[in-house]
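See structure below.
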Amino acid sequence: EITKEQQALMKIITDAYNRHQIPQDVAKKLLQDQYSAEENFLLLTEMATSQVQVLVEFTKNIPGFLSLDREDQIALLKGSAVEAMFLRSAQVFSRKMPSGHTEVLEERIRKSGISEEFITPMFNFYKSIGELHMVQEEQALLTTVTILTPDRPYVKDQQAVERLQETMLDVLRKLCVLQHPQEPQYFARLLGRLTELRTLSHYHTEMLVSWRMNDHKFTPLLCEIWDV
Ligand SMILES: CC(C)c1onc(-c2c(Cl)cccc2Cl)c1COc1ccc(-c2ccc3nc(C(=O)O)ccc3c2)cc1
């Protein structure tokens, strides 16, 4: 069962995950009434930029992350940003936001110049995440496991990252058994989502290329994190 230090670790990560959210005044912009493809793209760019800032703050709270080589910290953030944002935006859809953000976010994503071939797998993913009914600790730990993926491009000390990831995977595995006793395969299903995230991350690279071809502008932070 979960040890005392694993409980403490889970609490630190879950509290940080809940503390670092997109500011409500930024999220509220989704509700404004212009719905052109241009306007949608601009709003989504603002959401993504804010989300990256939130993500950077969140990773600082992952025990051990700041002890990693600094260049490896950057490589992990760059390599996991898209996947972490798929997970975070998935919560908006599965949480059925009371403020109606769910519908408008879906509408804006569907009408922002993303081609249908990416929209389908994207919303299939959102649906498959929703069906898991993850508790907030599982969401926080799954995002942490995603960030601590050792084989991201340019990571030098993969062993150090692997040790951290294994610590988190151990807590997540025990938590899944506790939270979903009737579903022994639940942990395996969660990890299966990580595979789906990798595929979406590859689609995302192509989405960026097609946006660039249509001369869409990104913010300096997104240009830095996505090398666009
Ligand atoms: C640069 C833009 C156009 C972009 O490129 N790819 C994606 C992209 C896409 Cl289109 C899908 C997945 C991942 C990426 Cl990076 C995006 C938009 O990324 C988003 C990132 C985060 C959110 C987001 C996250 C949390 C939220 N929380 C609330 C709340 O009320 O708590 C409300 C709105 C939120 C919006 C929305 C889009």
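Only heavy atoms go into these numbers, but all of them, side chains included; no hydrogens, no water, no symmetry mates. As the structure lists them, so they are numbered: ligands from 1, and atoms in each ligand from 1. All of these numbers come straight from a predicted model, not from anything done at the bench.
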Candidate with minimal heavy-atom separation from atom 21 (C) of ligand 1, of Lys217, His216, Gln51 = Gln51
Here the atoms of ligand 1 under 4.0 Å from any heavy atom belonging to Met85 are 15 (Cl), 20 (C)
Only pairs at least two apart or in different chains count here, so list each salt bridge (charged side-chain N to carboxylate O under 4.0 Å, His left out) that has a residue in residues 59-72.
-> Glu57-Lys60, Asp69-Lys156, Glu71-Lys156
Are any of the heavy atoms in Tyr126 under 4.0 Å away from ligand 1?
-> yes
Relative to the heavy atoms of Phe41, which atoms of ligand 1 are at a distance of less than 4.0 Å?
-> 3 (C)
Quick one: do Asp170 and Arg173 make a salt bridge, cutoff under 4.0 Å?
-> yes
Heavy atom of Tyr203 under 4.0 Å from ligand 1?
-> no
Side chain, backbone, both or neither: which part of Leu200 has a heavy atom under 4.0 Å from ligand 1?
-> neither
Is His204 in polar range of ligand 1, meaning some N or O pair under 3.5 Å apart?
-> yes
Of all the atoms in ligand 1, which lie at a distance below 4.0 Å from a heavy atom belonging to Ala27?
-> 30 (O), 32 (C)
Pick one of side chain, backbone, both or neither for how Gln24 approaches ligand 1, counting any non-hydrogen atom pair under 4.0 Å.
-> side chain
Tell me whether the centres of the aromatic rings in His20 and Phe58 are closer together than 6.0 Å.
-> no
Smallest separation among heavy atoms of Thr149 and Arg152, with atom names | O-CG, 3.3 Å
State, to 0.1 Å, how close Phe65 and Leu148 come at their nearest heavy-atom pair, and which atoms those are.
-> CD1-CD2, 4.1 Å
Ligand 1 versus Leu30: contacting region, heavy-atom distance under 4.0 Å | side chain
With a cut-off of 4.0 Å, which atoms of ligand 1 are near a heavy atom of Trp211?
-> 3 (C), 5 (O), 6 (N)
The atoms of ligand 1 lying under 4.0 Å from a heavy atom of Leu222, numbered in the order shown, are 1 (C)
Looking only at non-hydrogen atoms, which of Thr45, Val82, Leu44, Val92 approaches atom 27 (N) of ligand 1 most closely?
-> Val92
Under 3.5 Å: N/O of His101 near N/O of ligand 1 | yes
Would a line drawn from the ring center of Phe118 to the ring center of Phe123 be shorter than 6.0 Å?
-> no
Think Arg212 forms a cation-pi with Phe218, using NZ or CZ under 6.0 Å from the six-ring centre and within 45 degrees of its axis?
-> no
Do Arg108's NZ or CZ and the ring of Tyr35 fall within the cation-pi criteria of under 6.0 Å and 45°?
-> yes
Heavy-atom closest pair (Gly130 atom, Ser94 atom, distance to 0.1 Å) is CA-CB, 3.5 Å
